[in-house]
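What follows is a single structure, written as structure tokens, with notes after it.
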Amino acid sequence: MLTRIDHIGIACFDLDKTVEFYRATYGFEVFHSEVNEEQGVREAMLKINDTGDGGASYLQLLEPTREDSAVGKWLAKNGEGVHHIAFGTADVDADSAAIRGKGVRVLYDEPRIGSMGSRITFLHPKDCGGVLTELVTSARTHE
Ligand code: V0V
Ligand code: CO
């Protein structure tokens, strides 16, 4: 069951500059940052609020580490902006299987490692009204 907006992924050319914009404009601080080589991103998570399911909601600021990554390709075509939305679930395996059964393309056979040790998968934007959609089980909730 999808129980929260886990994050909104925002693609940017310059992570440090974008972090500073969110700090100076809204007062949001970096909760966590990391490089995910598999996904080709350097990212900062800005925690917005905790949620009733034991998780939280974040903004995920994403800078590509290489031009041929998903975010690098998207930035070259579209410029900076909202890249994906992510719904949180306690069971990404069950939810992605159920959604695949409804005819929506799930991009990975097995969830991969996302931010902060989470398990993530993506739904194809062409099957989701143009919205790249991620499903996340956070490390805190996949015990
Ligand atoms: C591509 N398209 C999008 C899109 N990216 N539409 C909406 N939102 C996006 N973000 C459209 C694009 O305009 C094309 O439409 C079509 O899909 C095919 O795109 P493409 O440029 O030819 O690129 P592909 O097909 O090589 O790759 C697209 C997909 C790729 C979605 C398959 O981006 C992907 O695998 N994404 C999942 C991984 C990812 O995004 N990782 C970065 C975040 P037209 O022109 O044909 O109409 S990592 C993350 O979130 C982490 C680590 C985390 O949360 O923890
Ligand atoms: Co994400």
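Start at 1 with the first residue, then count along the sequence. Numbering of ligands and ligand atoms starts at 1, following listing order.
At least one N/O-N/O distance between His84 and ligand 1 falls below 3.5 Å. On a distance-only criterion, Tyr108 and ligand 1 share no N/O pair closer than 3.5 Å. Considering both main-chain and side-chain atoms, His83 comes within under 3.5 Å of ligand 1 through a nitrogen or oxygen pair.
Contact annotation for atom 25 (O) of ligand 1: protein absent (non-hydrogen atoms, distance under 4.0 Å). Less than 4.0 angstrom separates atom 10 (N) of ligand 1 from at least one non-hydrogen atom of the protein. Under the 4.0 Å distance rule, the nearest protein heavy atom to atom 19 (O) of ligand 1 falls outside the cut-off.
Ion pairing of Asp14 with Arg42 is absent here, as no side-chain N (NZ or NE/NH1/NH2) approaches a carboxylate O to less than 4.0 Å. Between Glu20 and Arg23, at least one side-chain N (NZ, or NE/NH1/NH2) sits under 4.0 Å from a carboxylate O, which counts as a salt bridge.
With respect to atom 5 (N) of ligand 1, the closest heavy atom belonging to the protein is Trp74 CD1, 3.5 Å. In terms of protein heavy-atom proximity, atom 38 (C) of ligand 1 is closest to Gln39 OE1, 3.4 Å. The protein heavy atom nearest to atom 27 (O) of ligand 1 is Lys73 NZ, 4.5 Å. For atom 52 (C) of ligand 1, the closest non-hydrogen atom on the protein side is Asn36 ND2, 3.6 Å. The single protein non-hydrogen atom nearest to atom 7 (C) of ligand 1 is Gly130 O, 3.1 Å, given as residue, atom name and distance. If you check which protein heavy atom lies closest to atom 17 (O) of ligand 1, you get Lys126 CE, 3.9 Å. Remark: minimum distance from atom 30 (C) of ligand 1 to any protein heavy atom is reached at Ala70 CB, 4.1 Å. Annotation: atom 13 (O) of ligand 1 to nearest protein heavy atom, Lys77 NZ, 2.8 Å.
For ligand 1 and Leu107, the ligand atoms under 4.0 Å from any heavy atom of the residue are 32 (C), 34 (C), 35 (O), 37 (C). Applying the 4.0 Å criterion to heavy atoms of Gly114 picks out, from ligand 1, the atoms 55 (O). Near Val71, meaning under 4.0 Å from one of its heavy atoms, ligand 1 places the atoms 42 (C). Every atom of ligand 1 is numbered from 1 in the order shown, and the set under 4.0 Å from a heavy atom of His7 is 54 (O).
Within the structure, the closest approach of Tyr58 to ligand 1 does not fall below 4.0 Å when heavy atoms are considered. Residue contacts with ligand 1 leave out Gly9, since none of its heavy atoms falls under 4.0 Å from the ligand. Using a non-hydrogen distance threshold of 4.0 Å, Met116 does not register as a contact of ligand 1.
Taking only non-hydrogen atoms, the option from Gly117, Ser115, Pro125 nearest to atom 55 (O) of ligand 1 is Ser115. With atom 51 (C) of ligand 1 as the reference point, the heavy atom nearest to it among Arg105, Arg119, Gln60 is part of Gln60.
Contact annotation: Ser115 places no N, O or S atom under 2.8 Å from the Co ion (ligand 2). When distances to the Co ion (ligand 2) are checked against a cut-off of 2.8 Å, Glu134 contributes an N, O or S atom below that limit.
Using a 4.0 Å cut-off between heavy atoms, Val136 makes no contact with ligand 1 at all.
A chain of hydrophobic side-chain contacts below 4.5 Å, direct or via other Ile, Leu, Val, Met, Phe, Trp or Tyr residues, connects Val131 to Val82. In the hydrophobic clustering of this structure, Met45 does not group with Ile48; members are Ile, Leu, Val, Met, Phe, Trp, Tyr whose side-chain heavy atoms approach within less than 4.5 Å, directly or through other members. Hydrophobic clustering (ILVMFWY, side-chain heavy atoms < 4.5 Å, transitive): Leu132 and Leu62 are in distinct clusters. Ile10 and Phe21 fall within the same hydrophobic cluster, where Ile, Leu, Val, Met, Phe, Trp and Tyr residues are linked whenever their side-chain heavy atoms come under 4.5 Å apart, directly or through other members.
Aromatic ring orientation, His83 versus Trp74: perpendicular (interplanar angle above 60°, classes split at 30° and 60°).
The backbone N or O of Arg105 lies less than 3.5 Å from a partner atom in the side chain of Asp127, making a donor-acceptor pair. Gln39 places no side-chain N or O within donor-acceptor distance of the main-chain N or O of Gly114, the cut-off being under 3.5 Å. When atom types are taken as modelled, the side chain of Glu29 and the backbone of Leu46 share no donor-acceptor pair closer than 3.5 angstrom. A distance-only check finds no donor-acceptor pair linking the side chain of Ser69 to the backbone of Glu67 [under 3.5 Å].
Taking the Co ion (ligand 2) as the corner point, the angle from His84 atom NE2 to His7 atom NE2 is about 100° (rounded to 10 degrees).
Of all heavy-atom pairs spanning Gly117 and Ala139, the tightest one is O-CB, 3.7 Å.
Note that the OG1 atom of Thr89 and the CE atom of Met1 stand 8.0 Å from one another [nearest 0.5 Å]. Taking OG from Ser57 and CZ from Phe87, the interatomic distance works out to 11.0 Å, rounded to the nearest 0.5 Å.
Only one option out of Asp53, Asp50, Asn49 pairs with Arg4 in a side-chain hydrogen bond (donor to acceptor under 3.5 Å, both in side chains); it is Asp53.
Within 6.0 Å of CG on Asp109 lie no more than 12 heavy atoms contributed by other residues, nucleotides or ligands.
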